[in-house]
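One structure is given here, and the rest of the page talks about it.
Within every chain, numbering begins at 1; the chains are lettered A, B, ... in the order of the sequence lines, protein sequences first and strands thereafter. Values in this document were obtained by computation on a predicted structure and should not be read as measured data.
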Amino acid sequence: MTARVTGQRFRQRKLSTKQNLVILREHEVEKLIDDDPARHVPKVETGVEKGEEGEHHLQAVISAAQAAAQSGGKIAQLYIPTPEAVASKLQYEDLYPKNFTQPATYIRYSSTVEDTIGCPYCMNSEDLAWLKAYNQRRDKRERCSEDEFEEVMNFFEETSQTKQPFAQVDNAPVLSFEDLQAEFDETISESSRRFAKDIYSHWKEQRLLKENHPLLPQLKFETNQETDDSDPYVCFRRREVRQVRKTRGRDAQVTEKIKKLRKELEDGRLLMHLVKRREVIIRDQLAHDKAIFEGRRALTESKRKLGIKGDDEELLVNQKKPAPKPKPRVDVAAVQRGIPGMGQKPPAVRPDGRLVDSDLVYLEDQLNKKSEAIDRFIEENLLKHKKWNVGWIDKTWRPITPPLEQAAAKSDFRPVFTSSQLPTPPASTSSAEGAGGPMEVDQPDKQLDLASRGTRIRYATPPEDVPFQEQTRYRRRIGRGGRIMVDRRGVKRPKLDAIDERVADRYRFDCDSSEDEQVYPVDYTDNLHIRYRIMIERQGDKTHAQQQQAAAAAAAAAMQNRRAIENHNRSSSGHLLPPTAPTG
Amino acid sequence: MAPRENSHEPSGTPVPLETGFATLATLRPGVKAFVEKDGETRKAEILTKQMRRGKMKFYVHYEDFNKRLDEWIDSERIDLTREVEWPAPEKPEKKKASSSSKKDAPSKADPKNLKRSRSKLDREISATPSESTSVNIPGKASRPSKASGKENKEVLVTSEVTDGTTPKPEDEEIDLVDVQDAAAAAKAAPEEVFSREEEIEKLRTGGSMTQNQTEISRVRNLDKIQMGKYEVEPWYFSPYPIDFATDAEMVYICEFCLSYFGEETSFNRHRMKCTLLHPPGNEIYRDDFVSFFEIDGRRQRTWCRNLCLLSKLFLDHKTLYYDVDPFLFYCMCIRDEHGCHLVGYFSKEKESAEGYNVACILTLPQYQRKGFGKLLIDFSYILSKREGKLGSPEKPLSDLGLLGYRAYWQETIVDLLLDGKVEANIEEIGFASAMTTNDVLHTLQNLNMLRYNKNQHVIVLTDAVVEQRERQKAKEKIKGKRSLDPEKLIWKPPVFSAASRTWNW
């Protein structure tokens, strides 16, 4: 595209359509010495058919325009000559009456040509001559109008088209009047039928003249014959439907779609049916109302006749209980304005019309109601769940999610201080009811136990004597599905200088290779396991307490500490992990 | 390649033209004679001849003139004092059979029969493509193709056509008239011979409405149409009912429903019944001057077919081979108390694979040279802007189409550049005008506005272009400017579901 005429002294950079180009006026451009403007005009694709591009008149106009673009001279007013269009001799006003009024809004229209042209058969001059002659022979009142004539002709044409669709091809004989008469239907009016027999003779004559072809000029559509393809008169062929690949998925999709359509149709039908029933009921009701009204009228009449007075209540139309009168509204602003000196007086009536004291809502009641509603909801759901599971054995772990631990969400890590190692860190909840988990049962006696053995547990406030960072802290959380997790922070591993490196290394080889590693799902927070571990701890504690109460206390504590850490690692992740350095 | 390759190569060894003097009796279709046209003598090819009211009339095509100027002439206008070019002889093996019998053929030609047989002979031709393509050679020789690249392709394609088929035995028995006419009609086949299958496949898949070249019927079939207040002379062939070609002197077309009638009585009757007053669709644009209606080819099949038949009279490269379903028609009307008079329209594919925003575009001849074409083009770009797409008209363009588009492109681009900006970028110009980058580039190049200055490309607003625009503006001031207001377009780009596409629109 950018390749210009050869012979340029420098190479041009390629033109990028995204690049900004400077717009200059002609005088701002440096003039090349050998600048021949015509030389620069590249050959541009015109988009005109190659065979026609060279046509005399087009070339004349193009070169004139080009000359104008180069030199700036006035373009010669050249036109490509076209055959003339001249004013018609027909009386336009008669043919096209002034019937159009433009609506204020844009026209929206969907009627088709067929809807708007009336009877498609338009009589020609021969028809007209025949009709004239025919009418002259007849009585004035029995004359056939042009519309009726066309109606009959159209009926004949359409009927033969449907009965002999291939009359053009297979030389079928013209239909007999009896055949046509048998097809009479609502499309042909009674008044026209009177003339049908007479018009038939004319129609047949015309039809025979045309070799039983349709009388109206027809477009040639495809007839699926070989000759179609090259016949320039055959037009508006149907395009083949694009073939869609058939797959099972598509079949299913289509079935679904059809089912859905069916359902929607049925719904629509049902709706219509119900609407109909409603309307019928309304009609009946109106009829009843009318009957009642008439009855009352009759009653009034007879009462009047018989001179019965009083107790006209039943004559009133559909008595209703008098509607409760709305309490007279007091205009608050008016009241306030009325007593200017008195300052702010509490309005007797609230803005919504109620008295101040009535229906006072207490927050407490509301809260109670709310929590009751929640409880009820949970209960209902539990019941529902049980009902669903009737006859089924629930093998899932903890099918019903326990309520969230509210306090846990708030509580953060809390330091705990022990003189000896805790078997399992206690829940860090501040209030007892917060720990609604599985530990609830054994926690109190465990704590008592520990307390009685002189274990010092301190909650909450960190001691002043130890720097905060170094304090050991634990947090218990309940995760999804009731898993209990214990996070720790600041757990320090005492230096194990006594242990040989190789011994310390042992844990690495403690497990099987990771390839055939099998994980047995064991819940370490299960009550059974917890109890078992506590048991072990206690035994250990006892022996240690007895044997080394004084001397080896420090060393034992260190060992246990390590074990405990390993335990924790196990409990949180399911299998053994190397003891990592404390995160604190 | 083909064994007959030589005979297909126009530039290789041009067949020596057989020239000589002719008499009226020996003039026959295919002969090129000198004919007086508007005071000058031009070479013209006789396409057909007919006895009309006792006089022999010739239908001629002037060389290097558009087909719309083809016409029926009296024999007096043919200059018999100059030599004529005889149509080149047939294929050697056929030569004897046809040329010997040809001598006395013209006198036998019965005009009525000739015309009737047309459709038949067209069938004949495509049934034996080998014959028609070879007959085509002389026509090619006189008009060497311009693009050499294309030429190679031609040969390739042609040989494809010819190789596969062997001439049918009954070729020998072709009616004399048919042979004659076949020669004439075969010339209708253009320089670029596409195989028919290819062409039709292109039509089917692309939804393109451009003319299938092999289908062109070279002789206009209608003499005159009456529409609204005008009588218009058709330019090209259109497949109106075949009865009109033989019987009707004038075809009457209802201005509103575009129905066609071969007789005034029928037309008058129709006008008494027809209630349509505007194109049967939704008005999507209205200003003081014109209205635009959007018509869906699928919903208004009859009306759109009528419109296509009508426009085919004035568009050479349009085909009515396939139906109107995949197109939308945007019809421009002017209004008065009688109704909305169709002035012009353009069709647009519902979904164009090539990104065309116009398929066919036409201002009716009775309204041409009044600036309506520019409005139509402008509207097509306003629609593209609303769609957020770039658009270009489908090719090939007609000569008038090319000029119209070039004028519009020039005006649009020059206006954008005169905005006072210092820099412009070709893609930006495209986005601002909904024109494709290619069209912008071509317009700039064509006007010599894209130049190389101080080692960079620059856009030059040449004095000529600026002056031209100024003159145009001055003219608009006097005459009043007709332009469209995008604000008045109430339109959302129509969306067609996958289902409607599957089910043939």
Take B/Val460 and A/His27 through the test side-chain contact (heavy atoms from CB on, under 4.5 Å) and record every step on the way to the result. CA-CA 9 Å; B/Val460 183; A/His27 56 84; over 6 Å; no
Quick one: what part of A/Thr17 sits under 4.5 Å from any heavy atom of chain B, side chain, backbone, both or neither? both
Is the shortest heavy-atom distance from the side chain of A/Thr82 to the side chain of B/Phe314 under 4.5 Å? no
Do B/Leu450 and A/Leu21 have side chains that get closer than 4.5 Å, going by heavy atoms? yes
Is A/Leu128 close to chain B through its backbone or its side chain, or both, or neither, when contacts mean heavy atoms under 4.5 Å? side chain
Determine, step by step, whether A/Ser88 and B/Glu231 satisfy the side-chain contact (heavy atoms from CB on, under 4.5 Å) criterion, reporting the C-alpha distance in whole Å, the side-chain angles of both residues, the deciding distance to 0.1 Å, and the verdict. CA-CA 5 Å; A/Ser88 170; B/Glu231 270 175 28; 4.0 Å; yes
Are side-chain N/O atoms of A/Tyr79 and B/Gln368 paired as donor and acceptor at under 3.5 Å? no
Kindly compute the distance separating OG (B/Ser398) from CD (A/Glu52), expressed to the nearest 0.5 Å. 8.0 Å
Output field: ring centroids A/His56/B/Tyr62 closer than 6.0 Å: no
Ranked by heavy-atom pairs below 4.5 Å to chain A, first place among B/Val466, B/Leu309, B/Val440, B/Asp336 goes to B/Leu309
Check each atom of A/Gln102 against the heavy atoms of chain B and say whether the ones under 4.5 Å are side chain, backbone, both or neither. side chain
Segment of A/Ser125 engaging chain B (4.5 angstrom heavy-atom cut-off): both
Polar side-chain atom of B/Asn282 near backbone of A/Tyr109 as donor-acceptor pair, under 3.5 Å: yes
Among B/Met272, B/Glu233, B/Gln366, B/Arg68, which residue has the highest count of heavy-atom pairs closer than 4.5 Å to chain A? B/Arg68
The test is side chain to side chain donor-acceptor pair (under 3.5 Å); show your working for B/His457 and A/Gln19 and say whether it passes. CA-CA 10 Å; B/His457 289 281; A/Gln19 187 197 341; over 6 Å; no
Top contributor to chain A contacts, counting heavy-atom pairs under 4.5 Å, from B/Ile426, B/Ile459, B/Asp399: B/Ile459
Heavy-atom check, side chain of A/Leu58 versus side chain of B/Leu403, under 4.5 Å: yes
Considering only heavy atoms from C-beta outward, does the side chain of B/Lys273 approach that of A/Ile117 to under 4.5 Å? no
Starting from the C-alpha separation in whole Å, work towards a yes-or-no answer on side-chain contact (heavy atoms from CB on, under 4.5 Å) for A/Val22 and B/Glu423. CA-CA 4 Å; A/Val22 183; B/Glu423 286 191 332; 4.1 Å; yes
Rounded to the nearest 0.5 Å, the CD atom of A/Glu126 sits from the OG1 atom of B/Thr265 at a distance of 9.5 Å
Working to the nearest 0.5 angstrom, can you tell me the gap between B/Leu402 CG and A/Ile62 CD1? 5.0 Å
Kindly assign one of parallel, tilted or perpendicular to the pair A/Tyr92 and B/His338, based on the angle between their ring planes and the thresholds 30° and 60°. perpendicular
Spacing of CD belonging to B/Glu427 relative to CG belonging to A/Asn20, to within rounding of 0.5 Å: 11.0 Å
Non-hydrogen atoms of chain B under 4.5 Å away: do they reach the side chain of A/Thr105, the backbone, both or neither? backbone
For each of B/Thr437, B/Thr443, B/Ile490, B/Leu417, tally heavy-atom pairs with chain A at distances under 4.5 Å, and name the one with the top tally. B/Ile490
Counting C-beta onward and ignoring hydrogens, is there a side-chain heavy-atom pair between B/Trp235 and A/Pro83 closer than 4.5 Å? yes
Please look at A/Phe221 and chain B and tell me whether the side chain, the backbone, both or neither of the residue comes under 4.5 angstrom of a heavy atom of that chain. side chain
Could you walk me through whether B/Asn453 and A/Leu24 pass the side-chain contact (heavy atoms from CB on, under 4.5 Å) test, one step at a time? CA-CA 10 Å; B/Asn453 185 47; A/Leu24 296 174; 3.6 Å; yes
Is there a salt bridge (Lys or Arg N to Asp or Glu O under 4.0 Å) between A/Glu26 and B/Arg451 once you walk through the steps? CA-CA 10 Å; A/Glu26 187 127 47; B/Arg451 294 196 205 168; 3.1 Å; yes
With a 4.5 angstrom heavy-atom cut-off, which part of A/Glu150 approaches chain B: side chain, backbone, both or neither? side chain
Side chain of B/Arg271, backbone of A/Leu95: donor and acceptor closer than 3.5 Å? yes
Between CZ on residue B/Arg335 and CD1 on residue A/Ile107, distance to nearest 0.5 Å: 8.5 Å
Which atoms of A/Asp94 approach chain B - backbone, side chain, both or neither, heavy atom under 4.5 Å: neither
Answer key: most heavy-atom pairs under 4.5 Å with chain A among B/Asn268, B/Val232, B/Thr302 is B/Thr302
In terms of heavy-atom pairs under 4.5 Å, which option from B/Gln410, B/Arg406, B/Glu428 contacts chain A the most? B/Arg406
Taken to the nearest 0.5 Å, the spacing of A/Asp127 CG from B/Glu263 CD works out to 8.5 Å
Counting only heavy atoms not in B/Arg299, do more than 12 fall under 6.0 Å of its CZ? no
Specify whether A/Tyr96 and B/Phe256 have parallel, tilted or perpendicular ring planes, treating 30° as the upper limit for parallel and 60° as the lower limit for perpendicular. perpendicular
